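What follows is a short report on a single structure.
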Protein chains: 2
Amino acid sequence: MFDRVDSSVTRQQQTCTGCSLSQLCLPVSLDDADIGMLDGIVQHQPVLQRGAHLYQEGNAFRALYAVRAGSLKTYTTTESGDQQVTGFHLPGELVGLNAINRWTHPCSAVSLETTSVCELPFEQLEHLAADIPGLQRQLLRLMSREIADDQDMLLTMARRNADERLAILLLSLSERFGQRGLSATRFRLSMARGDLGNYLGLAPETMSRIFRRFQDQGWIRAEGREVELLAVDALESLAGRSASDSQKAG
Amino acid sequence: MFDRVDSSVTRQQQTCTGCSLSQLCLPVSLDDADIGMLDGIVQHQPVLQRGAHLYQEGNAFRALYAVRAGSLKTYTTTESGDQQVTGFHLPGELVGLNAINRWTHPCSAVSLETTSVCELPFEQLEHLAADIPGLQRQLLRLMSREIADDQDMLLTMARRNADERLAILLLSLSERFGQRGLSATRFRLSMARGDLGNYLGLAPETMSRIFRRFQDQGWIRAEGREVELLAVDALESLAGRSASDSQKAG
DNA sequence: CGTTTGTTTGATATTCTTCAAGGAATGTGG
DNA sequence: CCACATTCCTTGAAGAATATCAAACAAACG
């Protein structure tokens, strides 16, 4: 009896139905009945302490994971041993999409703070997607978005200088925090400067210098990992315009 | 009558069933009956002359396209007007996957030589994928691979120097030509040096210099767009190992 | 055959990394 | 609560890699 009550309480917290992120996540555009079916396959909600791995490079692929609270970093390890950060993942975002092809995770996922995720066993998700058109479509849409975002990031790496890259990343994080009901202009980064730089293909020292320059310009205020965007328009013009202009900025 | 005969002949050339690329493309692991259904939705097989666009950035998304013969380049245009190449696409490869999310093409696709493609109307493909488990799975796999490949490319852009990038690209092309039954060590590039460099985030002059260096090392032979790989192992060690070693090489 | 497009080479400039070292923040065990 | 260790961040100076500029050359095209 106690178990019953307990599990039902837990259950409620675990359902997509009751999840405030459902409009950012897989259930978008599903009706209640369909969301109920999706709830039926959500298996575990592991809680990860900072530094704990959700999966590691080379692990067998069994499930996709949706971030429920907290944040994750995904990264691969190069032959020379150092890591390359491939992404930061906020609540409502899915990780593991790159593992479907080979049934093996090509990167590791590690928690940046206390983080909980929903586990979506992939084979069951596939079956469900065949039965629920809206779910199949949303899954394809999320994967398509990931592709488009990664390619956008490629453009950033290929064509943007260091200042522009940081502006683009700050605005991306800002937008994503905003979508999640948090402040878009004042937020706490869960990742180290070094991780930000690594993700952007820049040395940590370079990151530090750009943060300083942005502050000297009065564009941001940064105290440790606490960041406030003071001149979003300046950052946008840096992010949106081609190079050759960061000199004026520096 | 004539039309009938003509179209049936054309039809035969158009089917996935009779296509030598079916094992690289969407039909992988489908049985004959399922491939027949897939054939049923393949609508047009446009032939594109060099320089002709399959679609342009901003166009409405209606279909995915599989390259049947020839090759494509996808690219986005930056605010400052110059282009960023996001990929080269050989026979058997799908383009348009990044358009599913917003129903708009986020990049343009242009033919690099006389190229023919199979058009896969997306809504019909979605319906079919819901009915044919193997098709849904293959579609998800192809998208997953695209994500993994793009992220791998991100790592290349973030961590590799110019020599390593070219080695990685040459080996990638080599492997893909090999998979298609062509020589893996001797092939004709359909794209200009400038496009290769653009894709790799390097100036055309830099590309030219690296090509020269690779030739001086005896690793490749390049006459115009005709390329022969003479020392695959040297290229592999450059591609596979971390930086700091291209100095010895250069 | 002239025009356009693409390729090569050299010289110079710029951006970013690397190296080195000090300082701040955070966490841990006494 | 403090001392110590560890990690993270910052700053300066020097060096390396690649971009840019300029110009000649080659190839492809109509």
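From a predicted model like this one, the values you see are computed outputs, not experimental measurements. Only heavy atoms go into these numbers, but all of them, side chains included; no hydrogens, no water, no symmetry mates. Proteins get letters first, then strands, A, B, ... in listed order; numbering begins at 1 in each.
- Counting non-hydrogen atoms under 4.0 angstrom, A:Gly197 reaches nothing in the nucleic acid.
- Each of C:dT7, C:dT9, C:dT17 was ranked by its minimum atom distance to the side chain of A:Ala203; first place goes to C:dT17.
- Within 4.0 Å of A:Arg209, counting heavy atoms only, lies at least one base atom of the nucleic acid.
- No contact: A:Arg50 has no heavy atom under 4.0 Å from any strand.
- Computed from coordinates, the B:Met191 CE to C:dT7 P distance equals 12 Å when rounded to whole Å.
- The A:Ser208 side chain lies nearest to D:dC9 when the options are C:dT7, D:dC9, C:dT18.
- Here A:Ser190 contributes atom OG and A:His89 contributes atom NE2; the two are 11.0 Å apart, rounded to the nearest 0.5 Å.
- For B:Arg225 against C:dG6, a side-chain-to-base donor-acceptor contact under 3.5 Å is absent.
- Below 30°, between 30° and 60°, or above 60°: for B:His105 and B:Phe61 the angle between ring planes is above 60°, a perpendicular geometry.
- For the pair A:Leu196 CG and D:dT10 C1', the interatomic distance rounds to 15 Å; values are reported in whole Å.
- In this entry the distance linking CZ of B:Phe211 with P of C:dT9 reads 13 Å, nearest Å.
- By the salt bridge (charged side-chain N to carboxylate O under 4.0 Å, His left out) test, B:Arg212 is found to be paired with B:Asp216, residues two or more places apart in sequence or in another chain being considered.
- Among the heavy atoms of the strands lying under 4.0 Å from B:Gly201 are primed sugar atoms or P, OP1, OP2 only; no base atom is included.
- Using a 4.0 Å heavy-atom distance criterion, A:Gly194 is classed as a sugar-phosphate-only contact.
- Spacing between atom CE of A:Met157 and atom P of D:dT18 amounts to 14 Å, rounded to whole angstrom units.
- Nearest to the side chain of A:Glu205, among D:dT18, D:dT10, D:dC8, sits D:dT10.
- An angle of 50°, rounded to 10°, separates the two end axes of the helix from C:dC1-D:dG30 to C:dG30-D:dC1, each defined over five pairs.
- Applying the 4.0 Å criterion to OP1 and OP2 of D:dT18, one finds that B:Thr206 has every side-chain N and O outside that range.
- Atom-to-atom, CG of A:Asn161 to P of D:dT20 comes out at 11 Å; the value is rounded to the nearest Å.
- Atom CD in A:Glu226 sits roughly 20 Å away from atom P in C:dA24 (whole-Å rounding).
- You'll find that the side chain of B:Arg193 is closest to C:dT8, out of C:dT17, D:dT10, C:dT8.
- When the side-chain contact (heavy atoms from CB on, under 4.5 Å) test is applied to B:Ser22, the partners found at least two apart in sequence or on another chain are B:Pro27.
- Taking atom CZ of A:Arg213 as the reference point, atom P of C:dC16 lies 7 Å away to the nearest angstrom.
- B:Phe187 meets the ring-ring contact (aromatic ring centres under 6.0 Å, His included) test with B:Phe177; sequence neighbours excluded.
- Under the rule for a side chain to side chain donor-acceptor pair (under 3.5 Å), the partners of B:Arg180 that lie at least two apart in sequence or sit in another chain are B:Glu93.
- Computed from coordinates, the B:Ile210 CD1 to C:dT8 C1' distance equals 14 Å when rounded to whole Å.
- Distance CZ/B:Arg68 to CD/B:Glu119: 13.0 Å, rounded to 0.5 Å.
- With sequence neighbours excluded, no residue forms a side chain to side chain donor-acceptor pair (under 3.5 Å) with A:Asp152.
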